[in-house]
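A short worksheet on the structure shown next.
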Amino acid sequence: MQAAIWVRGGLPVQDRPSRPHPFFTWARVDDVYIFSVYASPGLSNAEFSALLADVVEEAQGKRPLIIAGDFNAWSTEWGSSETRPRGVILLDALSAMDVVLLNTGHTPTFTGPQGSSTIDLSFASYSLTPRVSGWRVEREVFTSSDHRAITFNLSAHRPHRSSACPRRRWSARTLDVEAFSERLSGVRIPNVNATPGHPEDMAAALITAITEACDVSMSGGGARRRRHDPVYWWTDEIAALRWQCLRARRLAQRARGRAAEDARLDDFVVVRGRLRSAIEESKRRCWGALCDEVDRDVWGRPYGTIMSRLRGPRATPSREPSLVRRTVAALFPTVTEALIRPPAGPAGAVIPGVTLEELRGACTRIRDGAAPGPDSVPNRALKLAVVLRPDAFLKVYSACLSGGVFPSSWKRQRLVLLPKPGRPPDAPSSYRPLCMLDTAGKILERIICRRLEEYTEAPDGLSDHQHGFRSGRSTVDAIESVTAAAREAVGGARGSRKYCAVVILDVRNAFNSARWNNSLAALERIHTPEYLQKIIYSYFQARVLEYDTDDGPESCSITAGVPQGSVLGPILWNVMYDSILRLRLDDGVRMVGFADNIAVIAVAGTTYEVEDLLSCAIARVRDALWGLGLETADHKTEALLISRKGGWRPSPLKAASEKASKVAGALSQIMPTIGGPRSSRRRLYANVTDSILLYGAPIWSCGAGTRAGMRRAEAIHRRACLRVISGRPHLSYDATYVLASIPPLALLADERSRLYQRRHEDAGAEERQETLRRWQSRWDRSPKGRWTHRLIPNIRSWIERRHGEVDYHLTQLLTGHGYFKHHSQRYDHNASAVCPACPLTVEDAEHVFFNCPRFEEGREKLHRQLQEVARPENIVQLMLADKKNWLAVATFAKSVITSLRAEEMARRG
C-alpha cells in the first residue's frame, strides 16, 4: 500500500519526488514540503526503522515541512497507554529533524473492533508552529475507514509579534563613565535632621542627581544603538588591544613604500597576535565558566539562557483597556482595613546605621542587564554611582532606617503581565503579575531583608516546616520530609505497617492577597526591632501600581499583598504565613510548607482514620487561612494514598520526562544533524534536559519502581546526547554518552543523591571523580559500542580534552555507524556488505578508514600531517595530542563519508 497527497483549492504542486518511494511520498505546496507516510503494522522493527531512515534522508534540505500519516506506533507522548518499540524508534528517527508533534488533546485517531488508539500523527517544522492552529480529530467527517479525519489550519504568514516593552530612557551601552563620574562627584546630600519627611527629600535629591548624570553620559534608548549586544567574551582589555591593533594597521598602511614599512608591519603583526591570543583566551575562560556553572547551579544562567532560545519570543499580553483593568482588579484585591501602626520604640534608642559592607553586599545581587524600574535608571549606572559615591547612599539609607521612612518614590511598581502558557488570553488568571521596582529601593529592601533574617532564622523565628524562600532549604528538603513520613508508615514490620495520605493545598492568588496587618503582627510576634517594624509599616503605605493600556498609562493604589519581584516580598510572606505552619494538629498529622503550598500528611492504621485526620486538619488549615484573608484554590488540590499494598513509588520522573521530551524536541531547532553549533555548545544545550530529568533525583533515585521510569528518561536523555554528536538514532547508549562527554543518566542521578547527602560539604569535585570511576567501569564491561571502546578506551582523557569538536562525519568514524555497507546491511538485507574495491572484504569503518585503497591518497596525506601512521589503537591519542591533528583527522573523515554517501545515493537512484 502506498501513501498519497491530495491537493485541493487550485494550489500548484511546485515539486515532487522523481521516483516513487515505498510507504511514503512528498510534495511541495506553497513553499511547504508535505510528507505523507503509511507504516504498515506488518513491518518489523528493522523495516520500520529503515522506512524512517529513508524519510529522514529524503527530507534533507527540505524546509519547512509537515510529516503526517499512519505510523502504527504507540507512545505516551501522544496519548497511548504505553510506549512500544516502534514509538521509541519513531522519536529517535525524528529527533534528527527540527519537527514538533502537532497532536493535542490525546484524542484517539483510530477506532476499531479491538478498541481505540492514537496512531495517526502530525509533525511540523519548528518554524511552522506559529502558523499552525486548530489541530483536531474530526468526529463527523466520513472517511470510509476506522481512521478519523484530522484537520488543522496553516496560515499564509507568520503572525506579527508586537512588543509591549516600554522604551528605556537611557541606553546603558552608551554610558560615558568619565562624564557620569564628573557629574556625580559634585552631588551634595543634606545632613540628617529632625525635619519630618527629610529622608524623602534626601532620596529624591540622590535620584535627581543620578538621573542628571545619566542625561549627560548616555544617549536615549533609541539613539546610537548597536545592531547587536557585545559578545559574551568581550572585555576592556580586548577593547584596548583592538584599538591598538587598528592604530597599528593604519600606521602600516600609511608606511607603504617608505623606509619604515617593514617595522610598521612587524608592529602590526605583534599587536594583532596579542589581540587574537586575548580573544581566544577570553573565549576559553568564559565558555569554561559557563559550562562549570551548569554543575554548580542547574537552574542558573546557562539554563535560563538556553530556555530563552527554546521558548522563542515571549507572547505579548493584550493591552486592551477593559481586559487590563479586569486583570488588575482580579489580581490585586482591595482591602479596606486601616494599617495598624507598630509600637513605638524606647526614646533615644540607637539605630545602627548602614555599613559599607552591607551596601556592597546588597549591590552584588544586582544584574547589569536586568530591566530597570519606573525611574528607568540602568542598573549598570546605579552600580557605578554606588562605587563612586558610597557616602551618599549610606547617608540616605541610614536616614531612612533612623526615620522609619521608606521613600514614596521607591514604592511605585510598574506592572508587567506574563502570560501563562496554554491559558485563555481573556482570563485574568492567565497572567502572572511581575512588579518592576526601582533598583535603588531594592538595595534598601535587601539591607532590611538581611537584618530581618537575623530574627526569622533565630531558634524562635520561622517554623522549620517552611522550606520556601529560605537559605539552605530547597524543594528536595520539602519532598524528603514528605517521603520520610511515608517510608516510616509503610516500611515497618508486618503488623505495624500503616497507611499514609498526602494532600497538597494551594492558596488562591496568595502573594497579592496577603494582609499587611497580619505581616506586621507576625513581625512583632518574633520580636523584630521596632525600627524595622516602623520602616516596613512605611513600606506598606501608599503603594502605587502603574500599568499601560491602549488608552495610555494608568495607575491605582495597592492595599494588600507583597510585590512579586521585590526583595522583601518573600520574607514578609513567610513571616505572615508562619502561623499556618504552627497550627496544632492531631497526633499522626504533620505539615510541610513550600512558599504558599502546604502538604498535609496523615498516618494511621486504617484508611478511615486517615480520612478523619485529614478532614479535621484541612478544615483547621482553611479556617486559619480565612482568618488571614486567604483561601485555597480547590481545583489545584491533589491527594495521594500510600500503603504497603500499593507500594511506595515517589517518582516524579513521568512528569519530568514529558517536559524533557518537549525540550529535547525543541532542541532540534538549534541542533540540526548536519551544520549548526559546534559540539561543545550542543553539550551545553543538552544539559537543559539533565536539569529537568534530574529534578528531585535524591528522592526518586532510591525509590522502588524507578527502573521503568528511568528507562523512558534515559531514552530522552540519549536523544539529546545524540544531538550533541550528530549521531544516528541506532547508536548504542554507552557509545553515545562517551562521545558526548555526558555521563549516563543513572550515574548522574546517583551523583546528585550523594551530593545531597553531603550538601553541607564542598564535595562536588570528589563526587564527580567517583562518577567518572563508575562510568569507566561500566564502559569497560559493556558489550555494546566495542569499536568506539577500541578507539577511546579511557573516558577521562576524552572528556577532559582542551580542543576538538565532534561532528556528523567524525562521529561515523568513531562509532562505525554510517554509510558503511556492513552497517547498511542491517536495514537492507538485499544489499551486499562486501567492499566494491576489495573482494571478500567487509566494508566497515576500520577497513574504510585504515585499509581501503579507494582512499589511499587522503590517508597518505593524513599520515604526513600526523607524522605517524594512524591505526585504530593510536588515532584518538594523536587527535588529543594536538589541535592540528584533530582537524586533520576530521577533514579526512569528512572526505571519506562524503564519498561513501555519494556512492550510496548513486546505488539507490
Side-chain angles (χ1 to χ4, degrees), residues 195-201 203 325 328-347 349 351 374 400-415 433 435 437-438 441 444-445 448-449 451-452 455-456 507-547 554-580 596 622-631:
T195 305
H198 186 63
E200 291 271 6
D201 299 334
R325 291 169 190 145
V328 169
L331 296 180
F332 298 90
T334 301
V335 176
T336 57
E337 64 180 7
L339 271 178
I340 301 175
R341 183 177 295 276
I351 298 176
C400 292
L401 288 177
S402 61
V405 175
F406 198 96
S408 56
S409 59
W410 295 339
K411 290 188 282 190
R412 294 181 303 147
Q413 47 196 68
R414 178 168 56 85
L415 178 63
C435 298
L437 301 164
D438 289 344
L444 178 56
E445 285 189 53
I448 299 171
C449 182
R451 295 192 178 192
L452 268 180
Y455 303 92
T456 58
V507 180
R508 187 190 308 275
N509 194 26
F511 301 108
N512 295 319
S513 303
R515 302 290 180 89
W516 292 340
N517 281 333
N518 294 330
S519 297
L520 293 172
L523 289 173
E524 186 177 358
R525 186 172 60 249
I526 62 173
H527 309 294
T528 306
E530 286 77 7
Y531 80 93
L532 289 179
Q533 296 184 48
K534 186 177 179 181
I535 195 170
I536 292 174
Y537 170 81
S538 174
Y539 175 80
F540 285 145
Q541 284 183 314
R543 300 198 68 87
V544 176
L545 180 71
E546 301 174 350
Y547 54 93
E554 298 183 12
S555 63
C556 65
S557 298
I558 299 297
T559 57
V562 291
Q564 297 187 49
S566 64
V567 176
L568 274 174
I571 194 170
L572 292 177
W573 167 266
N574 277 351
V575 168
M576 184 274 299
Y577 205 56
D578 191 62
S579 62
I580 304 295
D596 62 328
R622 284 178 170 169
D623 288 342
L625 287 172
W626 184 262
L628 294 178
L630 304 172
E631 58 180 327

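For reference, positions follow the sequence shown, starting with 1.
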Over 60° means perpendicular and under 30° means parallel, so tell me whether Tyr539 and Phe406 are parallel, tilted or perpendicular.
perpendicular
Can you confirm whether Leu628 sits close enough to Ser579 that some side-chain heavy atom of one is under 4.5 Å from a side-chain heavy atom of the other?
yes
Inter-residue atom distance Leu523.CG - Leu532.CG, 0.5 Å rounding
8.5 Å
What pairs with Tyr531 under ring pair (Phe, Tyr, Trp, His ring centres under 6.0 Å), at least two apart in sequence or on another chain?
none
To the nearest 0.5 Å, atom CG of Leu444 lies from atom CD1 of Ile535 at 5.0 Å
If a pair satisfies salt bridge (Lys or Arg N to Asp or Glu O under 4.0 Å) and one of its residues is in residues 516-532, list it, with sequence neighbours excluded.
none
Taking salt bridge (charged side-chain N to carboxylate O under 4.0 Å, His left out) as the test, write out the residues that go with Arg622, two or more places apart.
Asp634
Under 3.5 Å donor-acceptor pairs involving side-chain atoms of residues 555-578, not counting sequence neighbours:
residue: Thr559; atom: OG1; partner: Val335; partner atom: N; Å: 2.8
residue: Ser566; atom: OG; partner: Pro563; partner atom: O; Å: 2.7
residue: Ser566; atom: OG; partner: Gly569; partner atom: N; Å: 3.0
residue: Trp573; atom: NE1; partner: Ala595; partner atom: O; Å: 3.3
residue: Asn574; atom: OD1; partner: Gln466; partner atom: NE2; Å: 3.2
residue: Asn574; atom: ND2; partner: Gly468; partner atom: O; Å: 2.9
residue: Tyr577; atom: OH; partner: Asp596; partner atom: O; Å: 3.1
residue: Asp578; atom: OD1; partner: Ser463; partner atom: N; Å: 2.7
residue: Asp578; atom: OD2; partner: Arg582; partner atom: NE; Å: 2.6

Quick check against the 3.5 Å criterion: does Arg412 have a side-chain atom that pairs as donor or acceptor with the backbone of Ser408?
no
Heavy-atom closest pair (Gly404 atom, Ser538 atom, distance to 0.1 Å) is O-CB, 3.4 Å
Taking atom CZ of Arg515 and atom CG of Leu339, what is their separation to the nearest 0.5 Å?
12.0 Å
Is the closest side-chain heavy-atom distance between Ile536 and Leu452 below 4.5 Å?
yes
Only pairs at least two apart or in different chains count here, so list each side chain to side chain donor-acceptor pair (under 3.5 Å) that has a residue in residues 330-344.
none
Taking all atoms of both residues into account, what is the closest heavy-atom pair of His527 and Tyr455, and its distance?
O-CD2, 3.9 Å
Separation of Tyr547 OH from Gln413 CD (nearest 0.5 Å):
12.5 Å
Under 3.5 Å, side chain of Ser513 to main-chain N/O of Leu630, donor-acceptor pair present?
no
What residues, two or more places apart in sequence or in another chain, satisfy side chain to side chain donor-acceptor pair (under 3.5 Å) together with Asn512?
Asn509
Set of side chain to side chain donor-acceptor pair (under 3.5 Å) partners for Tyr537, sequence neighbours left out:
Gln541
Going through the checks in order, is the side-chain contact (heavy atoms from CB on, under 4.5 Å) test met by Glu445 and Leu437?
CA-CA 11 Å; Glu445 285 189 53; Leu437 301 164; 3.7 Å; yes
Give the minimum heavy-atom separation between Asp438 and Ser409, together with the two atoms involved.
OD2-O, 3.3 Å
Mind checking salt bridge (charged side-chain N to carboxylate O under 4.0 Å, His left out) for Arg451 and listing every partner two or more places apart, or none if nothing turns up?
Glu358
Sequence neighbours excluded, which residues qualify as side-chain contact (heavy atoms from CB on, under 4.5 Å) partners of Ala624?
Ile580, Leu583
Atom OG1 of Thr456 and atom CD1 of Ile526: how far apart are they, to the nearest 0.5 Å?
6.0 Å
Which value, rounded to the nearest 0.5 Å, describes the distance between Ser402 atom OG and Lys534 atom NZ?
8.5 Å
